[in-house]
Undergrad: 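Please find one structure pasted underneath; my questions will follow.
The figures here come from the full heavy-atom set of this structure, side chains too, leaving out hydrogens, waters and symmetry mates. Letters go in sequence order (proteins before strands), and every chain restarts at 1.
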Amino acid sequence: MAKAAPQSLRKGIEVSISMAEAAMQANVDVVAAYPITPQTHIVEHLSELVADGRLDAEFVPVESEHSAMSACCGSSASGARTYTATSSQGLALMHEILYIASALRLPIVMAVANRALSGPISIWNDHGDIMAERDTGWIQVFVENGQEAYDMTFHAFRVAEDHGVLLPYMINFDGFILSHVIEPIVYWSQELVDQYIGLYEPMLRLDTKNPITMGPVGIPDIYLETRKAHDFVLRESKATIVKAWDEMEKLVGRRYRPIETYKTDGARILLLTMGGVSETAMTAVDALREAGLPVGLVRIRLWRPFPFEELYEAVKDCEVLGVVDRCLSTGGPGGPVASEIKGALYHKDKRPKVVEFIAGIGGRDVRVEDFQDMAKKTLSVADGAPLPPFELVGVRE
Amino acid sequence: MSESRLPGWKDLTLGLAILEPMSARNNLTGSWRSERPVWDHTKCIKCGVCQMYCPEACISQDADGYFQADMDYCKGCGICSRECWTQCITMQQEEV
Amino acid sequence: MIEPFNVYAARLLPSQELFAQGHRACQGCGPALALRYLLKALGPETIVANATGCMEIISSSWPETAWGVPWIHVAFENAAAVASGVEAGSKALRRKGRIPDKKPTVVAIAGDGGTFDIGLQALSGALERGHDFIYLCYDNEAYMNTGIQRSSGTPFGAATTTSPAGSKSFGQKTWKKDLAAIGVAHHIPYVATASIAYPFDFVEKVKKAAAVEGPALIHVFAPCPTGWRTPSNLTVRLARLAVQTGMFPLYEVENGKYHMSVDLPFLKPLDDYLKPQGRYRHLTKDVIAVLKKGIDQRYNEILEKCEANHE
């Protein structure tokens, strides 16, 4: 196919609305969703698009998130392109079914507006919800801005439905601070979308012409092998994920990598972030660099499969890494991201020390000055200060 | 199933789907049986009630219209014998 | 007494078997018989979403399946939601011309625990949304798969492993939840009770359920010799006695109108039904009297609804 001219249209639009419209452009067949703040604008807009005839899909207004993910499993197993969105308690209610969706190899795409978990109940942003779903066997990506949230919706369908992958895909975007903001977003033309993702061709589906049994009992003779096969395909999906980003770059000119670096050249210390706070962190790094401090930033975009090699490449030359978690592992080692980073580096001969910060919990603001402060504390460890225990940034005594 | 015939993780179907419908027929449940149904053709009226109520779907009709259980699958539950209108089916102890 | 059908009518049941021999159900399993009839009634153009439970476990132990139709199991409490998704997906793909425009019958299957208890919310949601599907609850009156624990489908007085009889307990203290009434309360086009002892009635009801537009709920009574502590050969006989004693009346509700399926000139003595069952062995005359009163009252309520319909 000849490369289409990259027709584009820049719109000032709410990020959630753009994600719903990306799902429309992806021509999804079924949306099964239950409302939860701050995911609501996505599903409200999708139901409008269906009501207005702009999207030819079945909108299934289920009675819970548990049923949302269950209906998505049924829909995807029937061969339909399937989309949903949720957040926080809703994601937690789906928990059981998330594992099954991935084990059944159903390429469901789900947007997760990251939000704190109860209790106390909080509708505000952190990563407590998604960290509880770390091991569900889904592809998990964190986006930093509206453009990325929109672009990643196409990437999700492209990768999830690839016959070498066939895994569900979660797009994590920060609740409110990303979901409810209006940003300038460059829309893809429908031709580009069609060229990039095409139609979903299931490898197996519930079809009366070929009656298969999906989801049988995994006796001890086979359960272990299914887990190994699942782990293998999720790890191997990284190649497809990166290839699909490469192709997106060719089509629309935006470049996405599993790990992104910012001003790391000559940096003695690096901060490490994930999600929407990264842009604030960049502003902090800019200011510190201007002040002459050797500080840089690493951002994780691809959380599952975990990009071990890319991460090591990005951090191996710094002296100390300041990991900024958005979730507290209560009674555990501190932050779940820091735990994974330390695990990933443990066997390396050359590795940075890791200082742990837990910031922006339950919607607590993380300001540029906070990142500057975290960077300076990290730098002090590089200068010989003892390694501090993990810090809950901004907590009042 | 013997260890050697079990597939490795690379050989599994997508999502562990079972592609062969009704393959449970490979599982010969007749070995569970301690009693077997025996039909007395002198009493049988060929009504088919035994076939109808068999939870194993293992009773079939022969060329002469009489019914018989497939001993590969019959678990010996005795429902056919109990439900038979003419009481033409007796359950007989399996001998080892 | 058997159904008022011609003796030779046994052969009139559709002959195709789509629930295979070699399934791992216990000897004399009532629910396995229900599935056999279900698929005879529906034929191969059927897609099943099965809840976790006995029938899921005994039919799908890798690497073998008893199923001759496409089948999916996701979890315990969500058969109705999975079926909703299958129905929606199939509908969208047919409308968009992605698959041939031939509508399969979508069936959700769950036991009494997966329906009355943990699956009730998903069932209510699916009925309310109006998906075109059949929900089949096979009722063996306890959580048999996990070892005979009580459910809200367990009848008054029955002993289970979590409603045991003891010096201070006569077994289950609560009354069986009225599943059909819950279905009727959703104003769906078709609700029916059925029994494995009455296969023609059951098959006809499944066919009706498949023919209506929108949701249909069938509650089929299916004894469990293992859980009820009864000889395996009594399965059908007990199912029949449950109907004849008024324990489990057979009726259907079409667009809200009740109709009794098996008219009984009189109710057989309840003892005929209770005596052969280990789960009722501990019952005293006093408790049986309470049970009898409750059963009669419920039976008469159904009769009244059916008669109101004929007035």
Undergrad: How far apart are the closest heavy atoms of Leu14(B) and Leu166(A), and which atoms are they?
TA: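 Closest approach of Leu14(B) to Leu166(A), heavy atoms only: CD2-CD1, 3.7 Å.
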
Undergrad: Which one, Ile18(B), Asp11(B), Leu12(B), Thr13(B), leads in non-hydrogen pairs under 4.5 Å with chain A?
TA: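 Highest number of heavy-atom pairs under 4.5 Å: Ile18(B).
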
Undergrad: Output the residues of residues 101-112 of chain A for which the shortest heavy-atom distance to chain B is under 4.5 Å, in residue-number order; output 'none' if no such residue exists.
TA: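 So the qualifying residues are Ala103(A), Leu104(A), Arg105(A).
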
Undergrad: Taking all atoms of both residues into account, what is the closest heavy-atom pair of Gly218(A) and Leu16(B), and its distance?
TA: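 Closest approach of Gly218(A) to Leu16(B): CA-CD2, 4.4 Å.
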
Undergrad: Identify the heavy atoms of Pro211(A) and Pro21(B) that sit nearest to each other, and give their distance.
TA: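 So the minimum-distance heavy-atom pair works out to O-CB, 3.6 Å.
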
Undergrad: Once you round to the nearest 0.5 Å, how far does NZ of Lys228(A) lie from CH2 of Trp9(B)?
TA: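 Lys228(A) atom NZ to Trp9(B) atom CH2 measures 5.0 Å (nearest 0.5 Å).
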
Undergrad: Between Leu204(A) and Leu19(B), is any pair of side-chain heavy atoms under 4.5 Å apart?
TA: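 SC-SC contact between Leu204(A) and Leu19(B) confirmed.
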
Undergrad: Pick from Ile222(A), Thr213(A), Ile212(A), Asn210(A): which one has the most heavy-atom pairs with chain B under 4.5 Å?
TA: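 Max contact count across the listed options: Thr213(A).
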
Undergrad: Report, as yes or no, whether the 6.0 Å neighbourhood of atom CD on Glu94(B) holds more than 12 heavy atoms from other residues, nucleotides or ligands.
TA: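 Counting other residues, nucleotides and ligands, CD of Glu94(B) exceeds 12 neighbours.
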
